S.K.: 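Have a look at this one.
Each chain gets a letter, A, B and so on, in the order its sequence line appears, and its residues count up from 1. Quick caveat: nothing in here was measured; it's all calculated off a predicted structure.
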Amino acid sequence: MLTIQEIRNNPDELIRRLSIKNFRAEDLVQKAIQSDQARRDNQTELDQTLNELNQLSKDIGRLFKEGKTDEANQAKDRTTFLKERSKELNQRAGEIEQELQNILVEIPNLPHDSVPPGKSESDNLTIRSGGTQPTLIDNALPHWDLAKKYDLIDFDLGTKLTGAGFPVYKGKGAKLQRALINFFLDEAEKAGFLEVQPPILVNEDSGFGTGQLPDKEGQMYHVGLDKLYLVPTAEVPVTNMYRDVILQAKDFPIKNTAYTPCFRREAGSYGKDVRGLNRLHQFDKVEIVCITHPKESYALLDEMVQYVESLIQQLNLPYRILQLCGGDLSFTSALTFDFEVYSAAQERWLEVSSVSNFESYQANRLKLRFKEDGEKKTQLAHTLNGSALALPRIMAALLENNQTEHGIEVPKALQKYLAFDFID
RNA sequence: GGAGAAAUGGCAGAGUGGUCGAAUGCGGCGGUCUUGAAAACCGUUGACCUUCACGGGUCCGGGGGUUCGAAUCCCUCUUUCUCCGCCA
């Protein structure tokens, strides 16, 4: 969330920038400022009351010691009143703070200056593209048919075990998954990311820290008995490692990578969007998560974009990189680049990665701060993350684009992870 | 799952009702000394809210209570450790 200082400092500019996201912030901003003023007035009075109370308590102790019982008892009467008052003020403080918090979490992050206006994904800017779209054989098959033909993925079996969107990978299909995970992790390590293996169930605090809670609760699987959530992305546990942490500027940049299965309820999805591997409830993903100095975060975003691009290039897939327009930008992001690969048999682009700079928006919720070397004051860090990469759609494109009359060719980059270079 | 013990600053560890935001040691930072370093010595060293500032307030695992006053007493939750049970 935004800090109240950001809102207070220049509300008109803030409202203007949020309009790029097609968000009308006037009312919320006004409410936030009012609420903040009330909070501070209340706090001032509370502090004064407590100050008098503390002073009085010390005096009482001293008076009793000196044997001045009457004076002490007199002072006690005053404390009764002050205690009552401080209790009221304290309760009010809690209420106002909650109220302010509720307002702040409803205000999205400010878009970066470069973000183009726009309503939907059709207004996204194509930054660049690469790779070549393959010329497919006659009677080329979509990946779900290929998966069946070569017995790589059994969607029906997954439905039997769990439900739709939980496929069973078999034989070379399973091995291909494993190869992709290893490939992505090894590449990340080469690029300077530290590999971590986080839990894939998280508590409420973590869900709140990265913003899945409270608003997107319905998108996560919930283990009610233990109040835990299955992670929708490794971003959640990995970013939350730094919740309530104060870093040193010299530690930057922090670059982590993690492989986890991801679980998403995907309520409301339907049709061709969910066919085959296009949208699953459980899928594998390698995520990259970075934390850095506000001055460095956009350079790091570029580095992350280049890194993700290099992965797709090595897999030899046709791709394009989009800069999201204001209307398509997520609630928490300041700037996002989406990566899409071309799935040749489906003849459609599939999103395989989304790389974002959240600036200090997440960090404020997380209380993720840092200190400049030698400085006392803490500041909010910048957080960034991206998929590198999500497996299912990569798999879909690989299967479709590399199909031949006799089977499916395995891209060179993956061959060292596999005992085969051809699927037939 | 059963029984017991514990949770204090970056770490270790005192503190059992007022003088405690908290002894002491280590670590960190600054200085003296030194050609330089080490040692020694001196000083300094948590976070948050509020204020232009002075200052004020909050925080001793979380929450609640007793009291004029709580790190200290009570309740509760969480976590950790030890023993037993179970177990990849």
Side-chain angles (χ1 to χ4, degrees), chain A residues 1-10 32-104 197-209 213 223-229 237 240-252 254 261 360 363-381:
Chain A
M1 58 191 186
L2 298 174
T3 62
I4 186 67
Q5 289 83 356
E6 286 173 283
I7 294 170
R8 228 191 293 150
N9 282 345
N10 197 344
I33 291 173
Q34 275 172 6
S35 182
D36 178 55
Q37 191 56 52
R39 182 183 123 262
R40 287 192 287 167
D41 292 346
N42 189 76
Q43 185 70 43
T44 306
E45 194 184 342
L46 177 59
D47 284 356
Q48 283 165 357
T49 308
L50 288 174
N51 178 229
E52 192 181 344
L53 198 55
N54 287 342
Q55 211 51 54
L56 229 41
S57 293
K58 278 182 189 162
D59 290 346
I60 289 169
R62 189 172 43 78
L63 289 169
F64 273 126
K65 253 179 205 161
E66 291 169 3
K68 299 176 180 168
T69 322
D70 288 349
E71 279 182 60
N73 283 326
Q74 219 171 345
K76 268 187 169 185
D77 291 343
R78 173 76 181 154
T79 63
T80 312
F81 166 75
L82 289 172
K83 265 178 75 169
E84 198 51 48
R85 184 71 187 135
S86 74
K87 211 171 194 172
E88 285 166 27
L89 289 166
N90 208 9
Q91 196 186 343
R92 180 84 188 110
E95 287 164 12
I96 299 175
E97 231 154 86
Q98 189 56 54
E99 179 188 301
L100 180 57
Q101 178 83 359
N102 290 345
I103 296 166
L104 289 179
Q197 232 182 69
I200 56 178
L201 275 86
V202 293
N203 59 27
E204 283 179 341
D205 285 347
S206 295
F208 186 82
L213 295 177
V223 183
L225 201 55
D226 297 295
K227 292 189 188 149
L228 297 173
Y229 294 85
N240 272 284
M241 297 196 304
Y242 299 92
R243 169 156 47 87
D244 285 318
V245 167
I246 298 172
L247 297 161
Q248 296 296 323
K250 65 174 157 51
D251 297 332
F252 290 146
I254 289 175
S360 59
N364 187 34
R365 256 195 195 214
L366 290 162
K367 292 199 169 62
L368 163 52
R369 291 159 297 177
F370 73 98
K371 281 187 198 173
E372 219 60 85
D373 297 343
E375 295 269 322
K376 248 185 119 96
K377 199 79 191 141
T378 58
Q379 321 176 37
L380 292 170

S.K.: Considering only the C1' atoms, how many Å lie between B:rC42 and B:rC54, rounded to the nearest integer?
M.R.: 30 Å

S.K.: Using whole Å, report how far CG of A:L53 lies from P of B:rG56.
M.R.: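 Checked: the CG to P distance equals 16 Å.
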
S.K.: Rounded to whole angstrom, note down the P distance from B:rG64 over to B:rA70.
M.R.: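 14 Å, rounded to whole Å.
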
S.K.: If we take the P atom in both B:rG4 and B:rU8, what is their distance in whole Å?
M.R.: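 Their P atoms lie roughly 22 Å apart.
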
S.K.: In terms of side-chain heavy atoms of A:D47, which of B:rC68, B:rG57, B:rU50 is nearest?
M.R.: B:rG57

S.K.: Does A:N51 or A:K377 map to a spot on RNA chain B nearer the 5' end, using the closest nucleotide for each?
M.R.: A:K377

S.K.: Using atom C1' in both nucleotides, what's the gap between B:rC60 and B:rG13 to the nearest angstrom?
M.R.: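 Approximately 13 Å lies between the C1' atom of B:rC60 and that of B:rG13.
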
S.K.: Side chain of A:S57: nearest nucleotide among B:rC68, B:rU50, B:rA47?
M.R.: B:rC68

S.K.: When the P atoms of B:rU19 and B:rG85 are considered, how many whole Å apart are they?
M.R.: 49 Å

S.K.: For residues A:L100 and A:S35, report the shortest heavy-atom separation together with the two atoms involved.
M.R.: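 Closest pair (atom of A:L100, atom of A:S35, distance): CB-OG, 3.6 Å.
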
S.K.: Checking all strands, does A:D77 fall into the base, sugar-phosphate, or nothing category for heavy-atom contacts under 4.0 angstrom?
M.R.: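 Nothing: the residue A:D77, judged by heavy atoms under 4.0 Å, touches no strand.
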
S.K.: Give one of base, sugar-phosphate or nothing for A:T378, where a contact means two heavy atoms less than 4.0 Å apart.
M.R.: sugar-phosphate

S.K.: Assess whether a salt bridge exists between A:E95 and A:R92, defined as any Lys/Arg side-chain N lying under 4.0 Å from an Asp/Glu carboxylate O.
M.R.: yes

S.K.: Which value, in whole Å, describes the distance between the P atoms of nucleotides B:rG27 and B:rU82?
M.R.: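 The same atom, P, in both gives a distance of 29 Å.
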
S.K.: Is the shortest distance from a Lys or Arg side-chain nitrogen in A:E45 or A:R85 to a carboxylate oxygen in the other one below 4.0 Å?
M.R.: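 Here A:E45 pairs with A:R85 in a salt bridge, since their nearest N and O are under 4.0 Å apart.
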
S.K.: Can you see if the side chain of A:R369 gets near the phosphate of B:rC48 - specifically, an N or O under 4.0 Å from OP1 or OP2?
M.R.: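 It does, given that an N or O in the side chain of A:R369 lies less than 4.0 Å from OP1 or OP2 of B:rC48.
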
S.K.: Do the side chains of A:R39 and A:E99 get close enough for a salt bridge, i.e. N-O under 4.0 angstrom?
M.R.: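 No, this pair does not count.
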
S.K.: Nearest to the side chain of A:T79 - B:rC68, B:rA47, B:rG56?
M.R.: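 Closest of the options to the side chain of A:T79: B:rC68.
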
S.K.: Of the options B:rA47, B:rG18, B:rC49, whose atoms approach the side-chain atoms of A:K371 most closely?
M.R.: B:rA47

S.K.: Calculate the interatomic distance between A:Q55 atom CD and B:rG57 atom C1'; express it in whole Å.
M.R.: 13 Å

S.K.: Identify which nucleotide among B:rU50, B:rU58, B:rC68 has an atom closest to any side-chain atom of A:L50, counting heavy atoms from C-beta outward.
M.R.: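 The closest nucleotide is B:rU58.
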
S.K.: Out of B:rU58, B:rC68, B:rG46, which has the shortest distance to the side chain of A:I60?
M.R.: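 Shortest atom-to-atom distance from the side chain points to B:rC68.
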
S.K.: What does A:K58 touch in the nucleic acid at a heavy-atom separation under 4.0 angstrom: a base, only the sugar-phosphate, or nothing?
M.R.: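 Counting heavy atoms under 4.0 Å across all strands, no contact is made by A:K58.
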
S.K.: If you only use heavy atoms from C-beta on, which nucleotide in B:rC68, B:rC49, B:rU58 is closest to the side chain of A:Q43?
M.R.: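 Of the options given, the side chain of A:Q43 lies nearest B:rC49.
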
S.K.: Among B:rC68, B:rU50, B:rG57, which nucleotide has an atom closest to any side-chain atom of A:T44?
M.R.: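 Selected nucleotide (nearest to the side chain): B:rU50.
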
S.K.: On a heavy-atom basis, which atom in A:L50 and which in A:S86 lie closest, and how many Å separate them?
M.R.: CD2-CB, 4.1 Å

S.K.: Send over the distance from A:F64 CZ to B:rG17 P, rounded to a whole Å.
M.R.: 17 Å

S.K.: Please state whether the phosphate of B:rC49, meaning OP1 or OP2, lies under 4.0 angstrom from any side-chain nitrogen or oxygen of A:R39.
M.R.: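 So the side-chain polar atoms of A:R39 never come under 4.0 Å of the phosphate oxygens OP1 or OP2 of B:rC49.
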
S.K.: Kindly say if A:R40 contacts the phosphate of B:rU51, meaning a side-chain N or O under 4.0 Å from OP1 or OP2.
M.R.: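 Yes.
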
S.K.: Compare side-chain N and O positions of A:N54 against OP1 and OP2 of B:rU58 and report whether any pair is under 4.0 Å apart.
M.R.: yes

S.K.: Please report the C-alpha distance between A:R62 and A:K68 in whole Å, then the side-chain angles of each, then the deciding distance to 0.1 Å, and finally whether the side-chain contact (heavy atoms from CB on, under 4.5 Å) criterion is met.
M.R.: CA-CA 9 Å; A:R62 189 172 43 78; A:K68 299 176 180 168; 5.6 Å; no

S.K.: Between A:D36 and A:Q48, which has a closest nucleotide on RNA chain B that is more 5'?
M.R.: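 Taking each residue's closest nucleotide, the earlier one in sequence belongs to A:D36.
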
S.K.: Between B:rA22 and B:rU80, how far is it from one C1' atom to the other, in whole Å?
M.R.: 23 Å

